[in-house]
Structures are given as structure tokens and as C-alpha cells.
Amino acid sequence: MTTNNSDSPGAGNPAGEGPSDFIRDIVAADVAAGRHQTIVTRFPPEPNGYLHIGHAKSICLNFGIARQFRGRCNLRMDDTNPTKEEVEYVESIQRDVHWLIAGWADHCLALKARGVGPATVETDGRTDFHQEPVPNPRAEGRSPTAEAGDAMAGGPYGESAEVEPFYASDYFQPLYEYAVELIRRGQAYVCDLSPEDTDKYRGAPDRAGVESPFRHRSVAENLDLFARMKAGEFPNGTRTLRAKIDMASPNVWLRDPVLYRIRHATHHQTGADWCIYPMYDFAHCLSDYVEGITHSICTLEFEVHRPLYDWVLDNLDLPRAQPRQYEFARLNLSYTIMSKRKLLQLVREQKVAGWDDPRMPTLSGMRRRGIPAAAIREFCARIGVTKYDGLTDVALFEHAVREDLNRRALRRMGVLRPLKVVITNLPDDHSEDLEAVNNPEDPAAGTRRIPFGRELFIDQDDFMETPPPKYFRLRPGGEVRLKYAYIIRCDEVVKDADGRVVELRCTADLDSKRGGATADRKVKGTIHWVSAARSFPAEVRLYDRLFTVPEPDGGEGDFLAHLNPESLEVVTAQLEPSLAAAQPGECFQLERTGYFCPDRESRPDRPVFNRTITLRDSWAKLAKKG
RNA sequence: UGCCGGAUGGUGUAACGGUAGCACAGCAGACUCUGGAUCUGUUUGUCUAGGUUCGAAUCCUAGUCCGGCAGCCA
């Protein structure tokens, strides 16, 4: 083992991929033992919803392993249930995966030739089905070549129409033949029990099941019935194909599990070709086998299915090495929900503006909100991979987002809730451009000019008529620094008929600009501002967490009851002119306020920005304490 | 009460029989033309009880607590 001198955080394994975990340890041991030529993992979402931050953990694990061990990761649609799946979801899944792994593991992404199903080959004199990927054009050298951001248009394969994800539905024919083989071996039978009776016969965890009266049909009869199921002779729910295992097994998944059910339904990929569809437990292990997956990594709830996963593979005459299943704990994040069913409910009941609403924990929502893919990856690396089913504090996630954005976001000035300020010792037509730093964390980001004039806007929060102790901003008679500009003193507070402060009249210390005679004068506070004449209004959407409690779907009660009524506030802000040129995908820090990005609905004549996340605010904390 | 799995500060993790460490959060301070960032310091932890051992978070035994599993969902 080589010494790793990398100073990157968590240089815990030879490849410098961040800290290892029990699954990587297993893979590393397999590699060391020479058990596989290449490591092949897979990410197998069911296209019945949008991907969320929980999927990101799985994507980072599966692609991260492929990356670390110079293998590949197959993107596969686990589409064996036509009644719940849609093409909208298969498309969104591809976009989200490309976005998340761009510039990091896109060279490990494996897709297959469009329209090309598994090949039937002869291995060791036995019939074998095999689905090959098409070589990843970025795979040479096995290193990432793209910078995050160029990923939206199809990922590493570019705009190519020649490739597509793997689909479990591509394997329906081989799967059917495997099922026939199981019947021939006396390991599967057609059962006429109704769904209700199937349940009753299964027994309970602490009570053995009862064998189906159809369990001992002859192979010939089973073959005939199964063929007729496929031919569409029977209505939905009238018959199933079941594995013949053990109705008394302490593991209920071994009590003659259903392998195929009848569903007269149109499938988004295979159309009307089939009216019988394989169940997860039958399809998944064999899909893994057909694709040559070495490590099939899934979440904890499948742990009890592993004996069945192995049973199916063990009871067929498969010439190649069998994949192995490993389980890890799914991600639970405080103040959010991860259930696809509940996320769908939020969308259907219009509690949010769609799957990509910036408040959603979906990858598309986070992308729209301005959260960088790199921040999500960093978060996933930091939370690690274990079998402990905990609840991760969303603060861990927010930290990763701020850390990434602080490093990269250009600083800009913008006032969310404008309050007019008049500098009375400046002429009406005063106008000058002041130099401002684009990113103090990155000198290479350079500087820009921002316009200054007699009339300005500052944030309403930055003035208080009767401030509490330790309030460092503007107050009657008080002084404050205008960032990049002058120190001003508030001489007069102008109010409207209702007593609301509508304007501040101030005098500026005209020598206090950077380089000026009094530039080094110390004043307590520095606030941001924009020129009234040379700023522009924009809609800004201020997002807060969607739920008010740490575990919205924990315990009983309706999770909708915990929706945060203040999760979205819309304001009309005044922004510095340079922001008018902001492009989708860019992110900015409005100084002292937070990180923002143009929304996808933003138009030149109607700019719209989303607040990604606030800056840490130690004043707010102090103020709350009183 | 059947089977499978888990338990290390408030949270997420590391330590693979040999000094319980890291990150987040918290607290205190320094610095600051962002009350941001940065830097210092700091509070808090091995589920319990036995055993093996010179030595146990780690191995053994018993218990406690938590999670998952009885879809023709995945």
C-alpha cells in the first residue's frame, strides 16, 4: 500500500477519493483478490418520480466506486411496473444524473446502444444473455475531462442519439426464458390464487405459511399455463408465476415469492409487447447478471431480499460470475422528506410549483435553486456510507453549499427591501463609478465598476430608528461605511403619513473613499447599497425550508401539516447593473445577504432571481437571543 | 412474539486489540470596507452488565433500545 500524502480532506484511501467505507473496503478486497477484471456498479432508479438528494447519495456511491476502481457504472431504468412509470421520469433522471456527475465521474457512466437489446451468446457451451455498454468516449485515460456545467446536453456521450440508458425492460425476453427454465427445473409454478388468498397463504412473520394448492402442478402444465399467461389469455390478477422455495421459511420473502404478474398495460418502452411483467426480485438480480454487474449496491430495506436475490441466480445455470448485493443506509435529512410518494403528492396537490420547485429536495429543484452539483457531491462524501439508519442534520448540507458557493460565487450588490437614501452634500447630477472586488476568495476573478450617485437604496434592515445594543448599522445621527464608497452620517429621517420611514437624508465624508484622506477612519458597520438611478428592479424569490419540523414524515399525523407557510417570499429588489447580464447556471453572492441565481423563468425584461441560501448571520442569532 | 440489521458527543462519521480523532452545529475570542470568509480556543461521546486480555469502542456472553421485513411496488 502506498503512502498518501494528499492534503485533500479525507484522503483516506489510496486513490485519494475521500474516506473509505465498508462497501469500498469490500470492493478493494475483491480487487486485491483478483476476483474481477473490471468493477461494474449500477444506478437503477425506477422511472416513477424525480431523483432527489437521497438518490444523490446512491449515485455518488456507485459512480464514486466506479471512478475509484477504474470501472464503470451502468445507468439503468428499473422499469418493470408499467402502471407507475412514465417517459417524463426517464428523461428527468438522465438529465439529473448527467448534471450530478459532470466533470467528476462522467467518464465512468455506461450507456448502451440505442435500441439494441441483450445479445444471446454461448458461454461454456451454455446459452447466455449479455448486455454490453457502448464505450464511453471520455473513458480513455479514465479521468474526468469536463468541467461541471457542460453537462446539460447529454453528458459524456454528447448529443449522440446513438446511446441510451440500460432498461430492465430490454431483458423481458431473456427474463421470460429464465422463468421457463425455472419451471423446467421444477423451481417455479403457475399459481391461481387471488391476491387476497396469496396473502393469507403466506402466513405471518411468526407463523408459517401454507402451500398453495397449485404448488405441485406438473412441469408440462406450468409451461402451458405460463405460455398462455404471456399470450394474454388471462385477466389481471388471476394467475402468477411463483418460485417454489419454502412456505415455512422464517424469511417471508422466501415463501414462494411471486415472480411474474399479469398486467394488461402499455409499457412506456415495450408498448403492448407484454402483458406479464417480472417482479423486482426476479428482474433485478438477473438484470445485474446480464449487464455483468459485480457489486449491486442498494439500500437497507432490501437486506431481507438478498437470500432471494441469491436464490434466483443460484437456481439457474448461469455461466458467468454472479453479482453480489450489498446494502447501505439511505439518506434521511432533517426538515425534508424523501418519499417519492409524498413528493409526488406535493406536486399533484400543488403545494409546490412542480418537481423542480426550488424548495424541493429533488436534484432538479436544487439545480434550479442554484445549488452546485459539486456541493452535493461533497456533502455525500462527508456523510459517508454505513448501515446505521440515522437522521442527518440539514446543517451539514447547508454548510457544503455555502462552502462551495463562497469559493466560486462572484460578489454583487443588491438591495432586497429598498430604503431610499439621499446624500445631501452631493450635487443632483453626481455620478461616479467605484471599483469593487468580484471575489475576495479569488483574486483572479478581478474587479468591476459600480455606479454611485446622490440617491441610493440601502436595505431596510440596515437602518433602525431605535436600535438595540451592538447594532452596528445606520441610526439617526450615526455613521456607517457604504461598501466600496463613503462613510455617511444619517442627519434626518423622513416618514410618511403612517409613520413609516421612507427616506434617509445623509451627508457623506467625501474624503473617506478608498485612497482618500479619511479612508482609514474606523466605523462600526459597513453596509451594501445600489444607485437609485442606475440599478434595476428584479423579482427575487426568497426560499426557506419547506417544513417546520425536523422529521416531517416521522411519527403519525399528516406531513402536510408541517409545511412551512413562509417557505417562499417574493420581493422586488434593486440590483446593480452588471446583474442584468446574469446567465442561467451562474451564481452570485449579494454581499451581506446570500447566494442567488437567475431562475429559469428569468427574462431580460422581467428578471427573476432565486435565493439559493442565506449567508451565515451571526447578527440574527445575536438579535434573537435579545 | 419470527427473521434480518444497527447502536461512538446535539448531528454525521473515524479508530480494524494499543493515546477515542475529524467535520457540522454550539460556545468564547482574534481579524475584517461582507456581523460573510478566515484564524484561535473550547463544551459534549464508545447502549448496559458480565467475561477474555498486560490492554477492549473493537473479541465473547447475556440483556436493553432502535430500524427493516408479511405488495401481484421498487
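So you know, we letter chains A, B, ... as the sequences are listed, proteins then strands, and number each from 1.
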Return all side-chain donor-acceptor pairs below 3.5 angstrom for residues 202-213 of chain A, not counting sequence neighbours, or 'none' if the list is empty.
residue : atom : partner : partner atom : Å
R202(A) : NH2  : D199(A) : OD1          : 2.3
E211(A) : OE1  : H216(A) : NE2          : 3.2
E211(A) : OE2  : R215(A) : NH1          : 3.3
S212(A) : OG   : F214(A) : N            : 3.0

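Residue pairs meeting the salt bridge (Lys or Arg N to Asp or Glu O under 4.0 Å) criterion with at least one member in residues 238-253 of chain A, sequence neighbours excluded: D192(A)-R239(A). Note on residues 391-400 of chain A: pairs passing salt bridge (Lys or Arg N to Asp or Glu O under 4.0 Å), not counting sequence neighbours, are E398(A)-R545(A).
Take F282(A) and apply the ring pair (Phe, Tyr, Trp, His ring centres under 6.0 Å) test, not counting sequence neighbours, and it matches Y260(A). Taking M338(A) as the reference, H52(A), I53(A), L331(A), L333(A), T336(A) meet the side-chain contact (heavy atoms from CB on, under 4.5 Å) condition, with sequence neighbours excluded. With sequence neighbours left out, Y277(A) forms a side-chain hydrogen bond (donor to acceptor under 3.5 Å, both in side chains) with no residue at all. With sequence neighbours left out, the ring pair (Phe, Tyr, Trp, His ring centres under 6.0 Å) criterion links Y471(A) to W619(A).
Phosphate proximity of C3(B) to S249(A): absent, as no side-chain N or O sits under 4.0 Å from OP1 or OP2.
Of the residues in residues 254-263 of chain A, V258(A), R261(A), R263(A) come within less than 4.0 Å of RNA chain B through at least one heavy atom, sorted by number. Taking a 4.0 Å limit (strictly below) on heavy-atom distances, residues 230-244 of chain A reaches RNA chain B at G237(A), T240(A).
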**Study point:** Reading 5' to 3' through nucleotides 15-29 of chain B, protein heavy-atom contacts under 4.0 Å coded B for base, S for sugar-phosphate only, - for none
**Key:** -B------SB-SS--

Review point. Once each nucleotide of nucleotides 65-71 of chain B is scored for protein heavy atoms under 4.0 Å, what B/S/- sequence comes out, 5' to 3'?
Key: --SBSBS

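Annotation: C47(B) and G2(B) have their P atoms spaced 25 Å apart (nearest Å).
Stacking here means ring centres nearer than 5.5 Å and ring planes tilted less than 30 degrees, and by that measure W619(A) stacks onto G35(B).
Rounded to whole Å, atom C1' of C33(B) lies 12 Å from atom CH2 of W529(A).
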Exercise for review: Go ahead and write out RNA chain B as dot-bracket, 5' to 3': ( ) for pairs within the strand, [ ] for ones crossing earlier pairs, | when the partner sits on another strand, dots for unpaired; Watson-Crick or G-U wobble, both distances under 3.5 Å.
Suggested key: .((((((..((((....[..)))).(((((.......)))))....(((((..]....))))))))))).....

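Classification of G36(B) as anti follows from a glycosidic angle more than 90° from 0.
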